[in-house]
Novice: 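Below: one structure in structure tokens.
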Amino acid sequence: MNTQEKILIDRLAAEHTLEGPELLALLENRTPEGAEYLFEQARKVRHAIYGHDVYLRGLIEFTNYCKNDCYYCGIRNSNRKAERYRLTKEQILECCTQGYELGFRTFVLQGGEDPFFTDQKMADIVSAIKEAYPDCAVTLSIGERSRASYRILREAGADRYLLRHETANADHYAKLHPPSLSLENRKKCLWDLKELGYQVGCGFMVGSPYQTNRHLVDDLLFIQELKPHMVGIGPFIPHSQTPFAAQPAGTLELTLYLLGIIRLLLPKVLLPATTALGTIHPTGREAGILAGANVVMPNLSPVSVRRKYMLYDNKICTGDEAAECRCCLTGRMNRIGYNLVVSRGDYPNQ
Ligand code: 5AD
Ligand code: FES
């Protein structure tokens, strides 16, 4: 580790902020020994707030219809080979029942931007889950909607909302998305969600095509500005039926380094070790926890649809029952000295 890297990590750990040029210097000059030091500091902060607890979220991928055409995503509208499906309200509730028995107390409803799920239909599903499981949190991850729509869903009982910003640099955003989508609207959605009282998560892919360290600095500065409750990051992984099929995947190394930085920037943040991280490396999620993450989000979707929610190639756990993943993750966390807990796992408010 060079002295500049240590000085910057120490400042980040003490002050929980760095300026853009300092973040850039950290990313540009990072070393393996510096990374270990960064993760130690990140774990210290994480242990002070969350101990060795790891929160569980049950991901219910309830529709893979999507009206958008993001260049990186396997369920983009133009992918005619994707077999489309929608779960019914009854099927979604069945996933929750199974999840509840397995100790899940947060259900994340994730889907493509599917116009079939109107405000009324979504509000009905959310309120049915909250009625059946009043001790559980409901998180939505259904993309860009109007402020009015977000309000209706909040009033129906949704507690949290995940909307990755994908990249906080407008030029880079335009290289990953068709012209119908804009960073400006993405950010507006995030601010709207925050104002409406959701616990909000933003995030981005690491190593997405054309991404530079300067773009990553923009992401980190945006995160410092938004102060989200959650940040979801994972490596970009190419999907064979997208325009980015031949692009290289993001690396474990850079993803872990960024997890460490984000933990120090926002000590209390809820930070998942994502499925994509587990996909690029057999123990990627464990490494993510050891770099400062404190959440895992296994799949609760029926096994019959798992293979159809392919955002990227080789996604793990598509053949495993929810109970298997729960069990597998318990073992994985225990082996590195952490425990999955039965809890809503809210953002600490004091
Ligand atoms: N590789 C990694 N992550 C992806 N996502 C979509 N496509 C890919 C891919 N090819 C991520 C996006 C999205 C989240 C649901 O999944 O960041 O917000
Ligand atoms: Fe799904 Fe390990 S988490 S099988």
Side-chain angles (χ1 to χ4, degrees), residues 57-79 81-82 108-114 139-145 160-169 172-173 175-178 181 183 185-187 189-190 193 200-211 215-216 219 222-223 228 230-252 254-255 258-259 262 271-281 284-285 288 295 297-299 301 306 308-318:
R57 318 295 193 203
L59 192 61
I60 303 172
E61 298 157 336
F62 70 98
T63 172
N64 72 348
Y65 282 84
C66 191
K67 67 173 156 64
N68 291 335
D69 224 6
C70 306
Y71 304 146
Y72 46 83
C73 184
I75 64 168
R76 64 200 300 267
N77 188 263
S78 300
N79 182 6
K81 291 201 175 144
V108 182
L109 298 184
Q110 185 175 90
E113 291 195 14
D114 180 356
T139 305
L140 295 176
S141 178
I142 52 176
E144 297 179 19
R145 297 172 84 101
R160 310 183 186 137
Y161 205 103
L162 303 179
L163 183 72
R164 289 189 177 181
H165 62 280
E166 311 297 358
T167 171
N169 179 283
H172 187 218
Y173 198 92
K175 294 194 163 105
L176 302 182
H177 302 96
L181 296 172
L183 176 60
N185 194 56
R186 199 84 179 168
K187 286 186 174 174
C189 288
L190 284 163
L193 288 161
V200 171
C202 67
F204 57 92
M205 291 175 291
V206 178
S208 60
Y210 314 109
Q211 186 180 68
H215 297 146
L216 290 170
D219 289 319
F222 175 64
I223 286 171
M230 307 167 280
V231 176
I233 71 165
F236 161 75
I237 303 173
H239 184 291
S240 57
Q241 281 133 21
T242 64
F244 290 162
Q247 298 280 344
T251 65
L252 177 71
L254 182 54
T255 307
L258 286 160
L259 284 171
I262 293 167
L271 193 60
T274 55
T275 303
L277 198 53
T279 298
I280 55 160
H281 190 279
R285 286 169 297 179
V295 173
M297 302 177 67
N299 209 307
S301 316
R306 293 264 182 113
K308 299 178 187 164
Y309 202 84
M310 278 290 176
L311 305 182
Y312 46 82
D313 289 338
N314 307 314
K315 190 174 164 206
I316 54 169
C317 300
T318 55

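Each ligand, and each atom within it, is numbered from 1 in the order the structure gives.
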Novice: For C66, give me all partners under side-chain contact (heavy atoms from CB on, under 4.5 Å), at least two apart in sequence or on another chain.
Specialist: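 For C66, the residues satisfying side-chain contact (heavy atoms from CB on, under 4.5 Å) (neighbours in sequence not counted) are N68, E113.
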
Novice: For the pair F236 and F244, name the ring-plane relationship: parallel under 30°, tilted 30 to 60°, perpendicular over 60°.
Specialist: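 Judged by the thresholds at 30° and 60°, the geometry between F236 and F244 is perpendicular.
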
Novice: For R164, check salt bridge (charged side-chain N to carboxylate O under 4.0 Å, His left out) against everything at least two apart and list the hits.
Specialist: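 Listed in chain order: nothing, the list is empty.
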
Novice: With Y173, which residues qualify under side chain to side chain donor-acceptor pair (under 3.5 Å), at least two apart?
Specialist: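 Counting only residues at least two positions away or on another chain, Y173 forms no side chain to side chain donor-acceptor pair (under 3.5 Å).
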
Novice: Taking atom OG1 of T274 and atom CE of M205, what is their separation to the nearest 0.5 Å?
Specialist: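 Rounded to the nearest 0.5 Å, the OG1-CE separation comes to 11.5 Å.
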
Novice: Answer yes or no: is there a donor N or O on one side and an acceptor on the other, between the side chain of Y161 and the main chain of G143, under 3.5 Å?
Specialist: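 Checked: pair present.
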
Novice: Are there any N/O pairs under 3.5 Å between ligand 1 and the protein, and if so, what are their distances?
Specialist:
unit_1	atom_1	unit_2	atom_2	d
ligand 1	1 (N)	I237	N	3.0
ligand 1	1 (N)	I237	O	3.3
ligand 1	10 (N)	Y72	O	3.0
ligand 1	10 (N)	I237	O	2.7
ligand 1	10 (N)	L311	O	3.4
ligand 1	17 (O)	R164	NH1	2.9
ligand 1	17 (O)	E166	OE1	2.7
ligand 1	17 (O)	E166	OE2	3.3
ligand 1	18 (O)	E166	OE2	2.5

